[in-house]
Amino acid sequence: MQPLLVIEHEAQCPPGWMGEWLSDAGAELEVRRPYAGDALPAGLGDNAGLVVLGGEMGANDDATYPWLTEVKRLIVAAAEDGIATLGICLGHQLVAVALGGTVGVNPRGQQLGVLDVGWTEQATQDELFAPLAQAAAGAARRTRAVQWNNDIVVEAPPGTDTLARTPEGELQAARFASRVWGVQWHPEAGPDIIGRWADNDRDHAREQGVDLDRYLAQVAAARAEMRSTWRVLANRFLTVCKGPVRT
């Protein structure tokens with residue numbers, strides 16, 4: 001199997017658990033760090049899949065972070081060529097913008113916490129998310145995920161399938177093209193990664209009246225649940241990279 005191309009936008013947003021699980025399942029990861037000078041490939045012909053990670057920058061900050069333009073080009077190529085792609089948080093937003101959607105600041109404010117995933121009926125038939133959505137529906141048990149974001153997809157690209165949304169209707173997960181998905185949450189991030197984000201954001205959080213210690217306690221308490229839940233996504237994504245999967 002060809003390697004998976006993983007695009008990391010900053011050192012504090014590594015592949016984390018997703019990288020661990022994909023590697024454990026036999027994937028070779030080709031991690032490119034353009035912020036550190038790594039060049040991005042001209043195309044994805046040598047890769048079985050694409051994972052676009054999160055970051056503090058915005059999906060439209062190409063002028064400050066010029067590699068974002070190249071990332072969007074690769075996303076478009078993946079969509080056109082049917083290469084399995086997963087965008088995580090910023091990656092989810094980059095996919096949306098690359099394929100014709102709009103991203104902006106959430107008017108309801110920052111999404112922060114171990115929050116419920118609002119699966120849709122479409123998710124139960126989706127090639128990537130069906131195992132998780134079906135399990136949640138069958139057991140009448142909620143799925144939860146770690147979220148930390150200010151921006152959201154405010155207008156999805158044409159043809160997007162909504163796979164999960166918040167009670168307020170905000171997009172949590174989507175199938176943006178036949179083999180291109182995005183999640184607004186952070187399946188890759190455990191207490192160690194989230195803890196580093198919190199250390200860097202304490203002054204801003206204090207100004208906003210956000211209790212980061214309470215949030216960190218939530219993330220720590222949910223560690224085993226998050227690892228059990230989102231390992232399923234990593235394993236399924238690798239299966240999808242190898243070829244179409246029946247739901």
Side-chain angles (χ1 to χ4, degrees), residues 4-7 18 40 43-45 47-55 58-62 68-108 111 117-134 136-137 143 145 147 149 151-187 233-234 236-247:
L4 307 185
L5 178 64
V6 180
I7 301 176
M18 287 294 289
L40 294 177
L44 295 166
N47 299 106
L50 172 65
V51 178
V52 185
L53 298 172
N60 297 303
D61 288 348
D62 301 51
L68 296 182
T69 302
E70 293 300 296
V71 174
K72 293 170 188 173
R73 177 184 57 76
L74 287 172
I75 290 167
V76 171
E80 292 176 346
D81 296 341
I83 294 173
T85 298
L86 177 63
I88 294 173
C89 198
L90 170 64
H92 161 79
Q93 296 162 14
L94 287 168
V95 170
V97 171
L99 299 181
T102 304
V103 168
V105 176
N106 188 347
R108 294 185 177 88
Q111 292 177 325
V117 174
W119 298 117
T120 66
E121 180 62 28
Q122 280 183 302
T124 66
Q125 302 302 315
D126 182 72
E127 184 180 2
L128 179 59
F129 288 105
L132 287 159
Q134 289 174 3
T143 304
Q147 291 203 198
N149 59 282
D151 293 352
I152 57 171
V153 176
V154 295
E155 184 177 351
T160 294
D161 292 334
T162 297
L163 302 180
R165 56 178 170 246
T166 69
E168 293 76 25
E170 296 146 334
L171 190 65
Q172 288 180 308
R175 185 174 187 155
F176 293 110
S178 63
R179 307 195 77 223
V180 179
W181 293 267
V183 295
Q184 185 60 77
W185 61 80
H186 284 281
L233 174 61
R236 184 72 169 191
F237 181 68
L238 185 58
T239 300
V240 168
C241 288
K242 295 175 181 178
V245 179
R246 290 186 179 181
T247 59

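All of these numbers come straight from a predicted model, not from anything done at the bench. Just so you know, these numbers use all the heavy atoms, side chains as well, and skip hydrogens, waters and symmetry mates.
The side-chain heavy atoms of L53 and M18, taken from C-beta on, include no pair separated by under 4.5 Å. Looking at heavy atoms from C-beta onward, V153 lies out of side-chain contact with T160 at the 4.5 angstrom threshold. L50 is not listed as a side-chain neighbour of L4, based on a closest heavy-atom distance of 4.5 Å or more.
Looking only at distances, a side-chain donor or acceptor of T120 sits under 3.5 Å from a matching main-chain atom of T162. R73 places no side-chain N or O within 3.5 Å of a backbone atom of G43 that could act as its donor or acceptor partner. Checked by atom type and distance alone, the side chain of T85 pairs as donor or acceptor with a backbone atom of I83 at under 3.5 Å. No side-chain donor-acceptor contact under 3.5 Å links Q122 to the backbone of L163. With hydrogens and angles disregarded, a donor-acceptor distance shorter than 3.5 Å links the side chain of K72 to the backbone of A59. In this structure a side-chain-to-backbone donor-acceptor pair under 3.5 Å is present from Q93 to D151. For R165 (side chain) and E168 (main-chain N/O), no donor-acceptor pair under 3.5 Å exists by modelled atom type. Of the possible donor and acceptor atoms, one in the side chain of D62 sits under 3.5 Å from a partner among the backbone N and O of T69.
Applying the ring pair (Phe, Tyr, Trp, His ring centres under 6.0 Å) rule to F237 yields no partners; only residues at least two apart in sequence or on another chain are considered. Under the salt bridge (Lys or Arg N to Asp or Glu O under 4.0 Å) criterion, D61 pairs with no residue at all, not counting sequence neighbours.
Once rounded to the nearest 0.5 Å, the distance linking CG of D126 with CG of L132 reads 10.5 Å.
For the 3.5 Å distance criterion, the side chains of Q111 and E170 qualify, holding a donor opposite an acceptor.
Relative orientation of the H92 and F176 rings is tilted, given thresholds of 30° and 60° on the angle between their planes. The aromatic rings of F129 and W119 are tilted relative to each other, their planes meeting at an angle between 30° and 60°.
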